[in-house]
Every structure is written in structure tokens, then in C-alpha cells.
A.B. asks: 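Before I ask anything, here is the structure I am working with.
Predicted model, so just to flag it, every value in this text is computed and none were measured.
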Amino acid sequence: MAALTTRDQPATGELRVIGPAGIDEQPWLPVPGCPGVAEKELWHAGDLVAALIRYEPGARTPGQPHQIADHHIWVVAGTATIGGRRMVAGSYVHVPPTAAHPIEAGPVGCTILQLHHRSPAG
């Protein structure tokens, strides 16, 4: 099942649901420049994206500051250090504009659910 887009959305007021099997069917796509990190885009509308991001043990992303974008991160499984703070499954992080937010997976890796604005380059 491909990622959801605005053209895939049901009429206003209707739910769009992807069950566990549908999410499992979607491939993990490598995050360019970040070895050991892959993502599944669950939905997007314009530049707003909801994605599952999986980190292998010790994998990392640079978390460069974004000038106008808020990010919302939920640690779904495993542990990670986000912006210098250790987070466990069930934790939430709000990343305001201009805040660096490097992420490094713990010893068992982690999966996060992230809501963010796509960068202009991609």
C-alpha cells in the first residue's frame, strides 16, 4: 500500500484507516545519508508528513534546525537520545523551529512516529 496523499483522502468527515497489515506491507525506505535509518510515510498533505522512522542500534540522524517547522516525535519502541535527552518508548518530544534535534538510537534501536514539514529539498 502506498503512502496516503491528499488525493487518496476520503470525503471530509470520513476516516482514513491503515491497519497493522497495511502498514506492514509498506516497504521501509532508506533515509538518504543516514545509514541504518529507514522510514514509512503514512500520510502527507502538501509538505506536512506523518512517518514511522526506524533506527538500527546506534544509527543516527543529524536533526538540523528548521527555521519555520515544528516537529512532533513519539518514541514508539526502543530508546533514543533526542537533542541530548534520553527517551524511552512512550515519550513525546516537541521540536520548535530553530531547535537542533539530533537523534541517536539506543542499543536495541528504536522506532519513532514523527509529524513534520518536509524540507524544501525533499
Side-chain angles (χ1 to χ4, degrees):
M1 170 181 276
L4 302 180
T5 65
T6 51
R7 66 176 153 56
D8 298 323
Q9 298 305 306
T12 302
E14 292 182 33
L15 298 177
R16 175 69 164 129
V17 177
I18 307 173
I23 292 171
D24 287 345
E25 289 173 5
Q26 293 184 44
W28 286 102
L29 302 176
V31 173
C34 299
V37 182
E39 69 179 334
K40 289 185 182 197
E41 185 177 290
L42 301 175
W43 171 89
H44 78 263
D47 66 347
L48 185 60
V49 177
L52 285 171
I53 305 172
R54 181 180 66 192
Y55 291 72
E56 298 298 325
R60 60 184 68 182
T61 51
Q64 298 294 335
H66 303 277
Q67 297 307 306
I68 59 170
D70 288 272
H71 287 205
H72 301 274
I73 301 169
W74 292 268
V75 180
V76 176
T79 61
T81 300
I82 302 174
R85 297 186 177 176
R86 185 161 167 77
M87 301 290 162
V88 298
S91 299
Y92 164 80
V93 179
H94 169 249
V95 181
T98 73
H101 52 286
I103 299 173
E104 181 174 351
V108 297
C110 72
T111 300
I112 64 172
L113 174 63
Q114 181 169 288
L115 180 63
H116 63 275
H117 286 271
R118 193 184 320 269
S119 67

A.B. asks: Under the side-chain contact (heavy atoms from CB on, under 4.5 Å) test, which residues partner Thr79, sequence neighbours left out?
C.D. replies: Arg86, Val88, Pro107
A.B. asks: Please enumerate all residues that pass side-chain contact (heavy atoms from CB on, under 4.5 Å) together with Pro57, with sequence neighbours excluded.
C.D. replies: none
A.B. asks: Taking all heavy atoms of Pro27 and all of Lys40, pick out the closest pair and write down the distance.
C.D. replies: O-CG, 3.6 Å
A.B. asks: Say you draw a straight line from CG of Leu115 to NE2 of His94; how long is it, rounded to the nearest 0.5 Å?
C.D. replies: 10.0 Å
A.B. asks: Verify the cluster assignment for Leu48 and Leu52: are they in a single hydrophobic cluster under the rule of side-chain heavy atoms below 4.5 Å apart?
C.D. replies: yes
A.B. asks: Which residue is it: Glu41, His71, Gln114? I am looking for the one with a side-chain contact (heavy atoms from CB on, under 4.5 Å) to Val49.
C.D. replies: Glu41
A.B. asks: Would a single hydrophobic cluster contain both Leu113 and Val31, if residues Ile, Leu, Val, Met, Phe, Trp and Tyr are joined by side-chain heavy-atom contacts under 4.5 Å?
C.D. replies: no
A.B. asks: Return each pair, listed once, that meets side chain to side chain donor-acceptor pair (under 3.5 Å) where at least one residue sits in residues 99-112; pairs must be two or more places apart or across chains.
C.D. replies: Arg60-Glu104
A.B. asks: Please say yes or no: joined through hydrophobic side-chain contacts below 4.5 Å, possibly via intermediate residues, are Val76 and Ile53 part of one cluster?
C.D. replies: no
A.B. asks: If the condition is side-chain contact (heavy atoms from CB on, under 4.5 Å), which residues does Pro62 pass it with, not counting sequence neighbours?
C.D. replies: Cys34, Gln64
A.B. asks: For residues Val37 and Met87: do they belong to one hydrophobic cluster (side chain heavy atoms under 4.5 Å, members Ile, Leu, Val, Met, Phe, Trp, Tyr)?
C.D. replies: yes
A.B. asks: Please identify each residue that fulfils side-chain contact (heavy atoms from CB on, under 4.5 Å) with Ala89, with sequence neighbours left out.
C.D. replies: none
A.B. asks: Determine the minimum heavy-atom distance between Ile103 and Ala80, stating which atoms define it.
C.D. replies: CG2-CB, 4.2 Å
A.B. asks: Under 4.5 Å between side-chain heavy atoms, hopping through other hydrophobics if needed: is there a path connecting Ile23 to Ile73?
C.D. replies: no
A.B. asks: Under the side-chain hydrogen bond (donor to acceptor under 3.5 Å, both in side chains) test, which residues partner Arg54, sequence neighbours left out?
C.D. replies: none
A.B. asks: For the residue pair Pro96 and Asp70, what are the closest heavy atoms and their distance?
C.D. replies: CA-OD1, 3.6 Å
A.B. asks: How would you list, by chain and number, every residue that makes a side-chain hydrogen bond (donor to acceptor under 3.5 Å, both in side chains) with Glu39, sequence neighbours excluded?
C.D. replies: none
A.B. asks: By the rule that ILVMFWY residues connect when side-chain heavy atoms come within less than 4.5 angstrom, directly or transitively, which residues belong alongside Leu29?
C.D. replies: none
A.B. asks: Transitive ILVMFWY cluster of Val108 at side-chain heavy atoms under 4.5 Å: who else is in it?
C.D. replies: none
A.B. asks: List in chain and number order the residues that pass ring pair (Phe, Tyr, Trp, His ring centres under 6.0 Å) with Trp74, two or more places apart in sequence or in another chain; answer none if no residue qualifies.
C.D. replies: Tyr92
A.B. asks: Could you check if a side-chain atom of Ile112 sits within less than 4.5 angstrom of a side-chain atom of Val93, using non-hydrogen atoms only?
C.D. replies: no
A.B. asks: Could you tell me which residues satisfy side-chain hydrogen bond (donor to acceptor under 3.5 Å, both in side chains) with Thr61, sequence neighbours excluded, listed by chain and number?
C.D. replies: Tyr55
